[in-house]
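Structure first, commentary second.
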Amino acid sequence: MNTQTAPNKKQENSFLNITLNVIIPSVILTKFSSDEHLGQVYSLILALSFPIGYGIYDYLKQGKINFFSGLGLFSVIMTGGIGLFNLNRDWMVAKETGIPLLMGIAVIISQFTSKPLVKTFLGQMINLELINESFAKNGHSGLFAKNLKIASFCLGGTFFISALLNYILAIKILVGEPGTVEFNESLGKMTALSFPVISVPMVIMVGLIITYLIMTIKKNTDLEIESILKQ
């Protein structure tokens, strides 16, 4: 049995992630956007500084930035730009819908290139090279690549679903126009709701993709699951 394990990596602090990217920005936007507190401009700048700062911190800690986290940081910066430059509310709806839609398209298109994005995504959690070698060693050369292709289309589908959920949430929650207290408060509410409405279903769907891959790994190799997970 192959006992090779992936190099240890410090796991991301999920509580810190949610706190800095969701909870604190939501509280600032909903509670401190009025003129008697921070005002709409400074509250937006302060709220956005937390996810942007966390993104920079994570990049410095990891020493690299992948496609998905980079696109997420770009989304945050766009949100700030739309609010600070008082662009039409439709820009925010388009941004909320367009970012996950582009991610889904990119995932599927990349499947026809030499560097599928699904490998970038899953490679952060499992040792793809070890798995592929074990498939080949057990007489199933090329099978894992086919399984990854299926996972790629499923992952692309999760982003399309996220785009639809983002669109529905944006048109239902966002009120007012960028540059107003009303808009900031609704943006804070949307940020808070995005976790249970969008993030949780996305995590569940990605979990199902991982489960599918684990089942095919157990069926076609002698690897222990612990040996393929990146810690």
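Sequential numbering from 1 along the given sequence is applied to the chain's residues. Worth saying up front: this structure is predicted, and the values here are computed from it rather than measured.
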Tell me the closest heavy-atom pair linking [X] and [Y], and the distance in Å.
X: Met190; Y: Ala170; result: SD-CA, 3.7 Å
X: Phe135; Y: Thr221; result: CD1-CG2, 3.5 Å
X: His140; Y: Asn220; result: CD2-O, 3.2 Å
X: Pro100; Y: Ala163; result: CG-CA, 3.5 Å
X: Arg89; Y: Gly176; result: CD-O, 3.4 Å
X: Ile105; Y: Phe160; result: N-CE2, 3.7 Å

Modelled atom types, side-chain donor and acceptor of Thr97 and Asn166, under 3.5 Å: no
Any side-chain donor near an acceptor of the partner, Thr216 and Asn147, under 3.5 Å: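 Indeed, the side chains of Thr216 and Asn147 share at least one donor-acceptor pair under 3.5 Å.
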May I ask you to test the [X]-[Y] pair for a side-chain heavy-atom distance under 4.5 Å?
X: Ser134; Y: Asp222; answer: yes
X: Leu128; Y: Phe144; answer: yes
X: Glu96; Y: Leu169; answer: no
X: Ser152; Y: Val107; answer: yes

Going from [atom1] on [X] to [atom2] on [Y], what distance comes out if it is rounded to the nearest 0.5 angstrom?
X: Asp90; Y: Ile171; atom1: CG; atom2: CD1; result: 11.0 Å
X: Ile131; Y: Ile214; atom1: CD1; atom2: CD1; result: 8.5 Å
X: Met202; Y: Leu155; atom1: CE; atom2: CG; result: 7.0 Å
X: Thr158; Y: Ile204; atom1: OG1; atom2: CD1; result: 12.0 Å
X: Lys119; Y: Glu129; atom1: NZ; atom2: CD; result: 10.5 Å
X: Leu117; Y: Met103; atom1: CG; atom2: CE; result: 9.0 Å

Do [X] and [Y] share a hydrophobic cluster, counting only Ile, Leu, Val, Met, Phe, Trp and Tyr and linking them when any side-chain heavy atoms are less than 4.5 Å apart?
X: Met205; Y: Val203; result: no
X: Leu101; Y: Tyr167; result: no
X: Leu208; Y: Met215; result: no
X: Phe159; Y: Ile108; result: no
X: Ile161; Y: Ile150; result: yes

Asn88 side chain to Trp91 backbone, donor-acceptor under 3.5 Å: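 The answer is no, because no donor-acceptor pair under 3.5 Å joins these two groups.
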Audit row: Leu46, Ser43, side-chain contact (heavy atoms from CB on, under 4.5 Å) steps and yes/no: CA-CA 5 Å; Leu46 181 61; Ser43 63; 5.8 Å; no
Working for side-chain contact (heavy atoms from CB on, under 4.5 Å), residues Phe183 and Leu174: CA-CA 7 Å; Phe183 179 81; Leu174 285 178; 3.9 Å; yes
Other residues, nucleotides, ligands: >12 heavy atoms within 6.0 Å of Tyr212 OH: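 For Tyr212, atom OH is crowded (more than 12 foreign heavy atoms under 6.0 Å).
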